[in-house]
Structure formats: C-alpha cells, structure tokens
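Numbering of residues begins at 1 and proceeds along the displayed sequence. Note that the structure is predicted; figures quoted are calculated from it, not measured.
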Amino acid sequence: MKEQTDQAQGGEYETDSLPISCTYLKEALALSLASAFEPLSSDLSAIKQDVEQIGRRVEALDEYQASIFQYQNALTQHIHSIQSNLNTLYGTIEDQENRGRHNNLHFCGIPEMVTTSDIPNTIVQICLSLLVPDSAHEVILERAHRALKPKPTSADPPRDIICKFLSFPIKEGVLAKARNAQSVKLDGHGILIFQDLAKSTLKKRKALKASNSLRKYYIDGCSHLDYLLCMRAAK
C-alpha cells in the first residue's frame with residue numbers, strides 16, 4: 001500500500017504492468033491487417049480484371065481462328081474444284097488441237113537444200129515410194145511448210161516439215177508404211193515420219209516413255225522398293 005501511495009503521489013504509473021484485453025488485441029490486429037492487405041487487395045482486383053479481359057480476348061481469337069480455318073478449308077476445296085475444271089479444260093483443248101492435226105504428218109531429216117517451192121513435190125515423192133501405185137494418185141497435200149523456227153546452221157539438223165493431207169486414209173497409209181518400213185530415204189538422207197501432235201501430248205508421251213523404260217530397268221534389275229524410290233526421285 002505504501003508503494004502504491006508513493007507512485008500516486010509522484011504521478012507516474014508503469015503501463016507495462018497493466019493487463020491488455022482480447023478485444024483490444026483483436027481490434028488492433030484487424031486494423032493492422034486491413035491496412036497491410038488493402039494495397040494487395042487492390043492489386044489482386046486489378047489482376048483479376050486483366051485476367052478476365054485476357055480470357056475474353058483469347059476466346060475471341062479462338063473464334064476468329066476457327067472461322068479462318070473454316071474459310072481456308074472452303075478455299076482449298078474451291079481451288080481443288082477450279083484445278084479439276086482447268087485440267088478438264090486443258091484436256092479438252094489438247095484433244096481439239098490433236099483432232100485439228102489428224103491429217104498432219106511430221107517429216108524429219110529432209111535437207112534444208114529442198115526449197116519451199118519444192119517441198120510439196122518432195123513429200124509426194126516420198127509418199128509414192130511408200131504407197132502402192134494404185135493409191136499414189138490420191139496423195140494430195142493441202143499445205144506443206146518447214147517448222148516455224150530460225151534456219152539452222154550446217155552443223156544442226158534440218159527443220160521438220162509439217163504436211164496436211166487432204167485425205168485422212170492416205171495419211172494413215174503413209175504413216176503405217178513408214179512405221180513398217182526398215183528405212184525411208186531421200187537422196188541418201190534418212191527420213192523419219194511421225195504423227196503431228198500437240199506439244200503437251202508430246203511431252204506426256206516422252207514422260208511416259210521414260211517412265212516405262214525406267215520401270216522396266218528397275219523391275220528387272222532391282223527390288224520394287226528401289227523402283228518406287230527411283231520414281232519418286234525422278235519427280
């Protein structure tokens with residue numbers, strides 16, 4: 001009692017020795033935590049808004065990408081359809097061009113010394129040597145001319161001569177006789193006779209011939225796998 005009286009008289013108290021209530025402690029902690037988490041809560045709210053916005057943009061991009069893929073597939077199908085139609089048109093044009101050349105023959109190896117005016121008589125002479133005499137008088141040419149390209153030098157082979165026959169059977173007869181003959185010559189020069197065809201058809205036949213030769217060689221000498229690999233490499 002004496003110590004308390006002395007402290008009261010001196011006007012000083014030791015607060016550390018006073019008890020702290022649970023309510024006061026809870027309120028103090030709540031205020032401290034609220035002040036500490038307030039900036040974090042604001043940041044989390046902003047992050048949540050950004051994530052939601054990014055999610056909406058990702059959904060929009062997914063929908064846009066799906067529409068692009070759909071449009072691309074439609075374009076691919078359309079391109080395939082156009083390509084198919086073009087191939088059909090090219091085939092039709094090629095067929096029409098070959099039909100227009102049905103009565104034509106290519107004569108290869110006729111020397112350049114044969115002038116333009118002498119070409120028809122020279123062609124008729126070659127045909128006379130192939131056909132039987134009874135049909136020789138039916139050899140009538142509508143026109144005959146050299147291939148349309150520059151005149152070759154003496155070291156180059158002569159230009160081909162393209163002839164159009166008036167009669168298709170006579171043309172076929174000349175071509176058949178030339179195929180069966182061992183050789184066709186004009187003044188000692190070897191002559192080759194071919195059907196006049198479109199360039200695209202000649203290119204296809206050349207590729208087919210090379211493919212058949214390659215196929216025969218590799219199937220006879222190698223395995224089927226080697227042949228397939230070689231054909232793929234040739235493409």
Side-chain angles (χ1 to χ4, degrees), residues 44-108 142-150 152 156-157 159-172 174-176 178-179 192-235:
L44 289 176
S45 178
I47 292 174
K48 181 179 180 181
Q49 292 179 359
D50 292 341
V51 171
E52 290 177 352
Q53 184 178 4
I54 292 174
R56 289 192 295 268
R57 293 182 62 182
V58 169
E59 290 179 358
L61 288 175
D62 287 341
E63 293 177 358
Y64 183 65
Q65 185 180 19
S67 64
I68 290 178
F69 285 155
Q70 185 177 2
Y71 183 66
Q72 182 182 7
N73 292 333
L75 281 180
T76 302
Q77 293 178 0
H78 187 58
I79 290 173
H80 288 335
S81 177
I82 292 175
Q83 186 64 48
S84 177
N85 292 335
L86 283 176
N87 292 336
T88 302
L89 288 175
Y90 287 147
T92 302
I93 293 173
E94 182 181 359
D95 179 69
Q96 291 298 321
E97 183 175 357
N98 286 325
R99 288 177 183 273
R101 298 168 181 255
H102 269 187
N103 284 19
N104 295 1
L105 287 180
H106 261 253
F107 289 76
C108 308
E142 290 192 13
R143 56 181 177 271
H145 60 82
R146 294 274 183 184
L148 301 179
K149 60 181 181 180
D156 296 327
R159 292 169 294 175
D160 295 351
I161 294 178
I162 301 98
C163 304
K164 182 176 182 180
F165 289 76
L166 181 63
S167 171
F168 177 77
I170 294 299
K171 187 272 302 183
E172 285 292 295
V174 172
L175 185 60
R179 287 173 177 172
L192 299 177
I193 303 175
F194 302 101
Q195 173 65 45
D196 185 27
L197 297 171
K199 289 184 178 180
S200 56
T201 304
L202 292 174
K203 186 176 180 180
K204 291 177 183 178
R205 289 192 174 188
K206 184 177 180 180
L208 180 62
K209 183 177 180 181
S211 175
N212 289 338
S213 299
L214 194 64
R215 178 177 180 275
K216 183 179 183 301
Y217 174 79
Y218 276 92
I219 285 184
D220 291 344
C222 304
S223 66
H224 185 63
L225 178 60
D226 293 335
Y227 166 70
L228 293 177
L229 292 175
C230 184
M231 288 298 297
R232 178 172 293 184
K235 294 180 180 180

Which atoms form the tightest heavy-atom contact between [X] and [Y], and what is the distance?
X	Y	answer
P150	R159	O-CD, 3.7 Å
R101	L197	NH1-O, 3.4 Å
I193	L175	O-CD1, 4.0 Å
I162	H106	CG1-NE2, 3.4 Å

How many angstroms lie between [atom1] in [X] and [atom2] in [Y], if you round to the nearest 0.5 Å?
X	Y	atom1	atom2	result
N103	F168	CG	CZ	6.5 Å
I68	L61	CD1	CG	9.0 Å
K199	K206	NZ	NZ	13.0 Å
H102	K171	NE2	NZ	7.0 Å
L89	I82	CG	CD1	11.5 Å
Q83	T88	CD	OG1	10.0 Å

Have N73 and Q77 got a donor and an acceptor in their side chains that come within less than 3.5 Å?
no
Would Q195 and L105 satisfy side-chain contact (heavy atoms from CB on, under 4.5 Å), going step by step from the backbone distance to the final call?
CA-CA 5 Å; Q195 173 65 45; L105 287 180; 4.1 Å; yes
So does [Y] get a backbone contact from the side chain of [X], meaning a donor-acceptor N/O pair under 3.5 Å?
X	Y	answer
S84	S81	no
E94	T201	yes
T76	Q72	yes

If you count the non-hydrogen atoms of other residues, nucleotides and ligands that lie under 6.0 Å from CD in E52, is the total more than 12?
yes
Run D160 and F194 through side-chain contact (heavy atoms from CB on, under 4.5 Å) and show every step you take.
CA-CA 10 Å; D160 295 351; F194 302 101; over 6 Å; no
